[in-house]
Amino acid sequence: MPSIAVLAPPRWRLLPILLLGALLALAGCAQDDAPVELQGRTMGTHYSVKLYGLPDTLSVEQLQAQIDARLEQVNDLMSTYRPDSELSRFNASDSGDWFPVSLELAALVALAERISIFSIGAFDVTVGPAVNLWGFGPGQPPEQLPSDAQLAEVRERIGFPRLEYRLDPPALRKEKPGVYVDLSGIAKGHGVDQVAAVLEAAGVTDYLAEVGGELRASGTKPDATPWRIAIERPEPGVREVHRIVTLHDAAMATSGDYRNFYEHDGKLYSHTINPITARPVTHTLASVSVIAADCAQADALATALLVLGPEAGLALAEAHDIAAFFVVREGDGYSDRATSRFAALTAE
């Protein structure tokens, strides 16, 4: 599948709010060869792997241990829920000097910046102060909604120009104290890519890897049929399939406003924050699914398009040949809108 040139991933990677989206669905008739299935917890959610063709030299337990260890490393670098993570230590620093970090973290910030520029700021990992202010970070929902003065203050700390990165030697630098980086719109996708890297390094070529609904598929099932994925109906409190798509050697991520939200005075506030306004989005777009070459890119793009909304998001995706599927609220139901690239990639 062709990738978006402007969003090509950094060379070091083997490779896109709770960010949400797809359910795993195995298709077709019964198989003689049952898949190996692995499950665990990471990033405050679950991960799962289905695979065929486990090498004789590697046990299921060994492979699970390798996946768990790799995901633990990602958490140690990027979690805002771990005070001692590399990212949390950077966020806690008031220094304006270069803060040494791992190449993995710096390179993911570099990818995030490219998507921020591409989306004209709709995706921006410096949105962290607004995420926390609205109660969607490590803390609890606020007893009172943020005031205009509080929103004006956090907007002064949001925007990619307030964050710098370098890759050699890898480091981050903030423009002013209070700049806070939140990678929740890209980290689960990155985690999926790292699971895929572990599988491929072990010689596994036919697999479906998932972290918190973000997915990456490789190869086929033993009968040569592709992996089939269910996009979830964006309905709070229910788990229903909205649409089934096939996934061929690609990743898919979904961002939606229907799982992580709270109610205040009868109004719902979504975890999806517009970095420009520092407020939760209020348009009718319920979810966006994006197919891309790697899951970090798909994850971030889905977040950006959800922030942009049904019209601007669809226009940007179509103009840049992004495979995206939009589910829009209309009255008591939903309407679907897909880009031409998405329709071409998922055609049976």
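Nothing fancy with the numbering, it's 1 onward along the sequence.
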Show your reasoning for whether salt bridge (charged side-chain N to carboxylate O under 4.0 Å, His left out) applies to Asp294 and Arg216.
-> CA-CA 7 Å; Asp294 63 81; Arg216 182 162 167 166; 5.8 Å; no
With sequence neighbours excluded, what pairs up with Glu318 under the side chain to side chain donor-acceptor pair (under 3.5 Å) test?
-> Ser340
How long is the span from the NE2 atom in His46 to the CZ atom in Arg41, to the nearest 0.5 Å?
-> 4.0 Å
From CA spacing to verdict: side chain to side chain contact (heavy atoms under 4.5 Å, CB included), Met78, Met43 = CA-CA 9 Å; Met78 303 176 186; Met43 302 182 188; over 6 Å; no
So, Arg162 side chain and Glu156 main chain: donor-acceptor pair closer than 3.5 Å or not?
-> yes
Rounded to the nearest 0.5 Å, what separation is found between the CD1 atom of Ile158 and the CG atom of Leu133?
-> 9.0 Å
Does some side-chain heavy atom of Ile117 sit less than 4.5 Å from a side-chain heavy atom of Phe160?
-> no
So how far is it from Ser289 OG to Leu301 CG, rounded to the nearest 0.5 Å?
-> 12.5 Å
Arg155 versus Leu151: any side-chain heavy-atom pair under 4.5 Å?
-> yes
Exercise: identify the closest heavy-atom pair between Ala202 and Leu58 | CB-CD2, 3.6 Å
Verify the cluster assignment for Val179 and Leu172: are they in a single hydrophobic cluster under the rule of side-chain heavy atoms below 4.5 Å apart?
-> no
Kindly say whether Val198 contributes a backbone atom to a donor-acceptor pair with the side chain of Gln66 at under 3.5 angstrom?
-> no
Any residue meeting ring pair (Phe, Tyr, Trp, His ring centres under 6.0 Å) with Phe342, in chain and number order, not counting sequence neighbours = Phe325
Mind jotting down which residue pairs meet the salt bridge (charged side-chain N to carboxylate O under 4.0 Å, His left out) criterion with at least one end in residues 275-289? Sequence neighbours excluded, please.
-> Asp148-Arg279
Which heavy atom in Glu104 sits nearest to a heavy atom in Leu77, and how many Å separate them?
-> OE1-CD1, 3.4 Å
Under 3.5 Å donor-acceptor, Lys174 side chain and Asn91 backbone = yes
Any donor-acceptor pair under 3.5 Å from Ser85 side chain to Ser79 backbone | yes
Would you say Leu163 and Phe123 are hydrophobically clustered, going by side-chain heavy atoms of ILVMFWY under 4.5 Å?
-> yes
Is there a chain of hydrophobic side chains (I, L, V, M, F, W, Y, each step under 4.5 Å between heavy atoms) that links Val49 to Leu71?
-> yes
Mind listing the closest non-hydrogen atom pair of Val192 and Ala209 along with its distance?
-> CG1-O, 3.8 Å
Given side chains that start at C-beta, do those of Pro55 and Val204 come closer than 4.5 Å, heavy atoms only?
-> yes
Identify the heavy atoms of Ala106 and Ala171 that sit nearest to each other, and give their distance.
-> CB-N, 4.4 Å
Indicate yes or no for a side-chain donor-acceptor contact from Arg89 to the backbone of Asp84 under 3.5 Å, with no hydrogens or angles considered.
-> yes
In chain order, what residues pass the side chain to side chain donor-acceptor pair (under 3.5 Å) check against Thr126, with sequence neighbours excluded?
-> Asp124
Glu164: what forms a side chain to side chain contact (heavy atoms under 4.5 Å, CB included) with it, not counting sequence neighbours?
-> Trp98, Arg173
Closest non-hydrogen contact found for Ala250 with Ile291 is CB-CG2, 3.9 Å
His283 and Glu311 side chains, donor-acceptor separation under 3.5 Å | no
Examine distances only and state if a side-chain atom of Gln194 and a backbone atom of Ala196 form a donor-acceptor pair shorter than 3.5 Å.
-> no
Test salt bridge (charged side-chain N to carboxylate O under 4.0 Å, His left out) on Glu330 and Arg337 and set out the steps.
-> CA-CA 12 Å; Glu330 290 192 358; Arg337 306 173 190 176; 3.5 Å; yes
Sort and list the pairs that fulfil ring pair (Phe, Tyr, Trp, His ring centres under 6.0 Å) and have at least one residue in residues 67-97, not counting sequence neighbours.
-> Phe90-Phe99
hydrophobic_cluster_shared for Val307 and Leu285, side chain cutoff 4.5 Å = no
From CA spacing to verdict: side chain to side chain contact (heavy atoms under 4.5 Å, CB included), Ile120, Ile276 = CA-CA 10 Å; Ile120 320 173; Ile276 307 300; over 6 Å; no
Decide yes or no for Pro138 and Asn132: does some side-chain heavy atom of the first lie under 4.5 Å from some side-chain heavy atom of the second?
-> yes
Looking only at heavy atoms, which two atoms of Cys295 and Glu214 are closest? And how far apart?
-> SG-CB, 3.7 Å
Contacts of Pro280 meeting side chain to side chain contact (heavy atoms under 4.5 Å, CB included) (sequence neighbours excluded), chain-then-number -> Trp134, Tyr269, Ile273
Below 4.5 Å, heavy atoms only, C-beta onward: do Leu105 and Leu183 meet side chain to side chain?
-> yes
Those residues at least two apart in sequence (or on a different chain) that pass salt bridge (charged side-chain N to carboxylate O under 4.0 Å, His left out) with Asp336 are none
Answer yes or no: is there a side-chain heavy-atom contact under 4.5 Å between Thr220 and Thr225?
-> no
Same apolar cluster (I L V M F W Y, side chains within < 4.5 Å links), Val327/Val281 = no
Glu61: partners by salt bridge (charged side-chain N to carboxylate O under 4.0 Å, His left out), with sequence neighbours left out | none
Should Arg329 and Tyr334 be marked as a side chain to side chain contact (heavy atoms under 4.5 Å, CB included) after you check the CA-CA gap, both sets of side-chain angles, and the distance that decides it?
-> CA-CA 5 Å; Arg329 291 188 179 87; Tyr334 301 93; 3.7 Å; yes
Do Ile322 and Phe118 come close enough that some side-chain heavy atom pair is under 4.5 Å?
-> yes
Backbone N or O of Ile67 within a donor-acceptor pair of the Tyr47 side chain at under 3.5 Å?
-> no
Partner residues of Gln73 under the side chain to side chain donor-acceptor pair (under 3.5 Å) criterion, sequence neighbours left out | Arg70
Kindly determine whether Leu215 and Trp227 satisfy side chain to side chain contact (heavy atoms under 4.5 Å, CB included), including the steps that lead there.
-> CA-CA 11 Å; Leu215 307 115; Trp227 297 100; over 6 Å; no
Partner residues of Arg82 under the salt bridge (charged side-chain N to carboxylate O under 4.0 Å, His left out) criterion, sequence neighbours left out | Glu72, Asp76
Ser218 meets the side chain to side chain donor-acceptor pair (under 3.5 Å) criterion, sequence neighbours left out, with none
Going by heavy atoms in the side chains, are Leu63 and Leu199 under 4.5 Å from each other?
-> yes
Nearest 0.5 Å, what's the CG-OG1 distance between Asp321 and Thr339?
-> 7.5 Å
Gln144 atom CD, over 12 foreign heavy atoms within 6.0 Å | no
Rounded to the nearest 0.5 Å, how far does OG1 of Thr272 lie from CZ of Phe136?
-> 8.5 Å
